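Remember, predicted model here, so these are calculated numbers, not experimental data.
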Amino acid sequence: AVLGWGVGRWVYDDPAWRQLADELQCGLLRVVVSNNGGPADPLSLPVAEQSVRNASLGGAEALLKILNEFARQPGRPELQDANLLLWGHSAAGSFGTTFAALHPTRTIAFVRYHSHSRGLPVDLTATARVPALHFAGEKDTTAGVEDSEALWKSGRALQAPWTFALEPGATHGSSEALKKANELAIPWIRAVVQQRLTSNGKGLRPADDTSGWRASNTALAVVPAASFRGNQAEASWLPDEASARGWRLVTGSAAP
């Protein structure tokens, strides 16, 4: 589910994402969330009242109702219990976080692209077991870097399977940076979906924080988890070698 906010429309229309959905046999859903009867600009409301950020204001319920409606169509009963991976840019990045807090057992993962919580509380108890990919732009003057990095660190302190990637030179809504981010986002999503989905499509496997690869955000080095000797709480979790290569490409790090 791609939130139709900011650069989300580019992700939804991107042929690389359509190819990934075909490969994984997943649906691709563009979701537009707005406050019912609210102002034209939802960001003029207090942060906690912005539906695009806070899935508990009705957006989560509406998204599940949409799936239920699709499930009533001939040949689509599996959509009633479908699991979701959510992608959001800027304010909409928090929609995935808050959805995962409400429905952790139905959330495969969430991706926050150049996002800032703006003080919106995050329920780490529920979300720390859900894989997450946090992108920050080095030159993003709208969302900044510190908020995303702090959220990622708070999750890693709880051994959350979370990844943080700083894109050198990237601004808040650059199409070039977004295309470059695919080099990590697509293999990361592919690996996480394949690892978490069960053969019968019922439920989700837990993400394994002990496996995969580790990326040091300070040293810009990536190694298999078994070879990592640093502080786990200060290293990004990566699900497989392909996503590790993608992390190197996006962050500009050299191979070990």
Q: Could you note down all residue pairs passing salt bridge (charged side-chain N to carboxylate O under 4.0 Å, His left out) where residues 51-75 supplies at least one of them, sequence neighbours left out?
A: Glu61-Lys65, Glu69-Arg72

Q: Could you tell me whether Arg76 atom CZ has more than 12 heavy atoms of other residues or ligands within 6.0 Å of it?
A: no

(Q) My understanding is that only residues two or more places apart in sequence, or in another chain, count here; which of them pass side chain to side chain contact (heavy atoms under 4.5 Å, CB included) with Ser56? (A) Asn54, Leu102

Q) What pairs meet the salt bridge (charged side-chain N to carboxylate O under 4.0 Å, His left out) rule with one or both residues in residues 22-44, with sequence neighbours excluded? A) Glu23-Arg190

Q) Under the 4.5 Å side-chain heavy-atom rule for ILVMFWY, direct or indirect, which residues accompany Val52? A) Trp5, Leu43

Q: Can you sort out the partners of Pro39 under side chain to side chain contact (heavy atoms under 4.5 Å, CB included), two or more places apart, ordered by chain and number?
A: Ser44, Leu45

Q) For Arg245, what residues pass the salt bridge (charged side-chain N to carboxylate O under 4.0 Å, His left out) criterion, not counting sequence neighbours? A) Glu241

Q | Partner set under salt bridge (charged side-chain N to carboxylate O under 4.0 Å, His left out) for Arg156, not counting sequence neighbours | A | Asp209

Q) What is the distance from atom CG of Leu64 to atom CG of Leu79, rounded to the nearest 0.5 Å? A) 12.0 Å

**Q.** Pairs involving residues 162-176, ordered by first then second residue, that meet side chain to side chain donor-acceptor pair (under 3.5 Å) (sequence neighbours left out)
**A.** Ser90-His172, Tyr113-Glu167, His114-Glu167, Asp140-His172, Thr163-Trp188, Ser174-Glu176

**Q.** Any side-chain donor near an acceptor of the partner, Ser148 and Arg112, under 3.5 Å
**A.** no

**Q.** Closest contact, heavy atoms only, Pro42 versus Asn35
**A.** CB-OD1, 3.9 Å

Q.
Using a 4.5 Å cut-off between side-chain heavy atoms of Ile, Leu, Val, Met, Phe, Trp and Tyr, which other residues end up in the same hydrophobic cluster as Val47?
A. Leu120

**Q.** Between CG on residue Asn83 and CZ on residue Arg106, distance to nearest 0.5 Å
**A.** 6.5 Å

Q) Under 3.5 Å, is there a donor-acceptor pair between the side chain of Arg248 and the main chain of Ala215? A) no

Q: Kindly say whether Val7 contributes a backbone atom to a donor-acceptor pair with the side chain of His89 at under 3.5 angstrom?
A: yes

Q: Sorted by first residue and then second, give each side chain to side chain donor-acceptor pair (under 3.5 Å) pair with at least one member in residues 222-235; sequence neighbours left out.
A: Arg214-Gln232

Q. Is the Phe95 ring parallel, tilted or perpendicular to the Phe99 ring (thresholds 30°, 60°)?
A. parallel

Q. Which other residues belong to the hydrophobic cluster containing Leu249, where Ile, Leu, Val, Met, Phe, Trp and Tyr are joined when side-chain heavy atoms lie under 4.5 Å apart, directly or via other members?
A. none

(Q) Please enumerate all residues that pass ring pair (Phe, Tyr, Trp, His ring centres under 6.0 Å) together with Trp247, with sequence neighbours excluded. (A) none

Q.
To the nearest 0.5 Å, what is the distance between CG on Leu133 and CH2 on Trp87?
A. 10.5 Å

